[in-house]
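Data block below; observations after.
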Amino acid sequence: MQEHTINRHVLDQALALTLLSWRMYVFEPARALRRLGLYRASTLGPPLQRGVLRGGGPHLSLRYAQPVLLANEPAGYEDVREFDRVASVYDAVVRPFSDPIVDEVLELMQPLPPNARILDPSAGPGGSALRLSKLVPDGEVVAADLSRGMVEAAHRAASAAGCRNMAFFQADVAQPPEEFTGAFDAIFCCLSFHHYPDGLAAARAFRQVLAPHGKVFVADGGPEWFVKLARPISELADPGFVRHRTGEEFLQLFTEAGFSSVSWVEALPGIGFTVATV
């Protein structure tokens with residue numbers, strides 16, 4: 001047990017260093033080149049449609065002041081307990097890498113109506129969801145995650161920040177609560193899709209919970225070269241890792257799930273951004 005704890009600590013440190021190095025030596029030079037007009041993003045599908053079309057206003061945040069938790073642990077939850085363990089330190093490890101990616105997703109979501117209703121289906125400890133909530137003061141953000149520890153951490157963070165336009169659910173991304181059906185104007189899914197064992201089931205669930213005008217914004221490792229490069233460290237150090245998917249695979253998944261328009265762009269080296277419209 002002690003050896004496992006030591007090995008897990010070493011892997012956590014290795015993952016944190018890898019993520020920080022990727023930001024410093026890959027993301028930041030690419031962003032500098034883009035400011036100079038020298039970085040050209042790879043694209044797939046039709047021209048990308050930016051922005052969220054309209055907002056439905058607050059709904060679930062008015063009904064649920066406390067986190068809505070599952071009554072029983074779902075089958076396979078042993079694979080999720082690692083996220084419970086790291087809930088308190090997750091942001092510190094991941095945010096140096098994820099912040100530029102979140103910036104890109106939020107840019108793609110503009111214009112964003114202030115009354116938009118947004119779902120973050122794998123919100124983790126809630127840092128990005130809390131940031132989103134400030135952009136929709138007349139709407140709401142629902143932060144969901146299968147990890148109970150992550151949901152509770154997200155709720156604590158929102159309470160400490162005095163946020164009142166959020167709701168919190170422990171939920172399986174592929175089996176959303178009935179209250180979610182047709183409820184959301186947009187889905188924000190950042191660096192989570194590689195944890196989903198059934199990508200098509202997740203995409204279909206996204207389609208189920210979106211309003212008729214809704215859009216999904218997914219950011220995840222995607223170009224084929226990155227899929228191959230990231231696999232060894234991801235399989236060793238990323239708890240719950242299943243697989244990364246190429247841009248072509250994302251287009252196929254969301255088209256098969258029933259979305260009318262699906263686009264993909266490598267806006268940052270190694271990271272694909274999928275935008276799909278109902």
Side-chain angles (χ1 to χ4, degrees), residues 2 4-31 67 69 77 79-107 118 120-135 141-163 166 168-170 173 188-196 217-221 226 229-230 232-242 244 268-271 273:
Q2 183 179 6
H4 172 77
T5 301
I6 293 172
N7 289 341
R8 184 68 255 176
H9 179 71
V10 170
L11 290 173
D12 289 345
Q13 295 298 317
L15 180 61
L17 181 60
T18 300
L19 295 177
L20 179 60
S21 297
W22 196 269
R23 172 170 180 169
M24 292 174 60
Y25 300 115
V26 180
F27 285 169
E28 294 306 331
R31 297 172 94 185
L69 303 173
Y77 194 80
D79 295 331
V80 182
R81 288 199 182 95
E82 191 64 26
F83 288 100
D84 290 342
R85 181 186 71 84
V86 301
S88 63
V89 299
Y90 190 83
D91 265 355
V93 173
V94 174
R95 281 193 64 178
F97 175 77
S98 65
D99 275 351
I101 300 170
V102 174
D103 290 345
E104 295 292 333
V105 180
L106 295 183
E107 184 176 335
I118 302 171
D120 185 342
S122 301
S128 297
L130 184 58
R131 182 175 171 186
L132 262 172
S133 73
K134 297 175 182 178
L135 301 178
V141 174
V142 174
D145 204 287
L146 187 55
S147 163
R148 181 186 181 114
M150 290 291 192
V151 174
E152 291 173 338
H155 179 253
R156 287 195 299 269
S159 297
C163 179
M166 294 183 70
F168 304 87
F169 282 77
Q170 184 187 12
V173 66
F188 167 94
C189 180
C190 189
L191 298 178
S192 301
F193 215 93
H194 58 273
H195 292 136
Y196 301 162
F217 300 82
V218 176
D220 208 38
F226 181 86
L229 180 66
I233 185 66
S234 298
E235 290 178 344
L236 278 172
D238 187 355
F241 175 78
V242 177
H244 289 114
L268 288 171
I271 305 298
F273 297 78

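Reckoned from all heavy atoms, side chains included, excluding hydrogens, waters and symmetry mates.
In this structure, a donor-acceptor pair under 3.5 Å is present between the side chains of D84 and S147. For the residue pair D220 and Y196, no side-chain donor N or O sits within less than 3.5 Å of a side-chain acceptor on the partner.
Between L19 and V94, the shortest heavy-atom distance links the atoms CD1-CA, 4.3 Å. Between V93 and A16, the shortest heavy-atom distance links the atoms CG1-CB, 3.8 Å. Nearest heavy atoms, P125 versus D91: CG-OD1, 3.5 Å. Closest approach of V151 to P67, counting heavy atoms only: CG1-CB, 3.9 Å. For the residue pair V26 and P269, the shortest heavy atom distance occurs at CG1-CB, 3.6 Å. Taking every heavy atom of both residues into account, G124 and A154 meet most closely at O-CB, 3.8 Å.
Considering CZ of F217 and SG of C189, their distance stands at 12.5 Å, rounded to 0.5 Å. One finds the CG atom of D120 at 8.0 Å from the CG atom of D145 (value rounded to the nearest 0.5 Å). Note that the CD1 atom of I101 and the CG atom of L106 stand 12.0 Å from one another [nearest 0.5 Å]. Note: H155 NE2 to E152 CD = 10.0 Å, rounded to the nearest 0.5 Å. For the atom pair NE2 (H194) and CG (D238), the distance works out to 4.0 Å, reported to the nearest 0.5 Å. Taking OG from S88 and CE from M150, the interatomic distance works out to 9.0 Å, rounded to the nearest 0.5 Å.
Side-chain contact check for C190 versus S128: every heavy-atom pair is 4.5 Å or farther apart. Residues V218 and F273 form no side-chain contact, since every pair of their non-hydrogen atoms from C-beta on lies 4.5 Å or further apart.
The ring-ring contact (aromatic ring centres under 6.0 Å, His included) test with F97 singles out one residue from F27, Y25, Y90, and that residue is F27.
For F226 and H244, the ring centers are positioned less than 6.0 Å apart.
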(Q) Working note: L130 + M166, criterion side chain to side chain contact (heavy atoms under 4.5 Å, CB included); need CA distance, chi angles, decisive distance, verdict. (A) CA-CA 8 Å; L130 184 58; M166 294 183 70; 4.0 Å; yes
Q | Pair V80-R148, side chain to side chain contact (heavy atoms under 4.5 Å, CB included): steps then yes or no | A | CA-CA 9 Å; V80 182; R148 181 186 181 114; over 6 Å; no
Q: Determine, stepwise, if the pair F168 / L69 fulfils side chain to side chain contact (heavy atoms under 4.5 Å, CB included).
A: CA-CA 8 Å; F168 304 87; L69 303 173; over 6 Å; no
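Formation of a donor-acceptor pair under 3.5 Å by the Q170 side chain with backbone atoms of L146 is found in this model.
Classified by interplanar angle (parallel below 30°, tilted 30° to 60°, perpendicular above 60°), the ring pair H195/F83 is perpendicular.
Salt bridge present: R31 and D103 bring a charged side-chain N and a carboxylate O closer than 4.0 Å.
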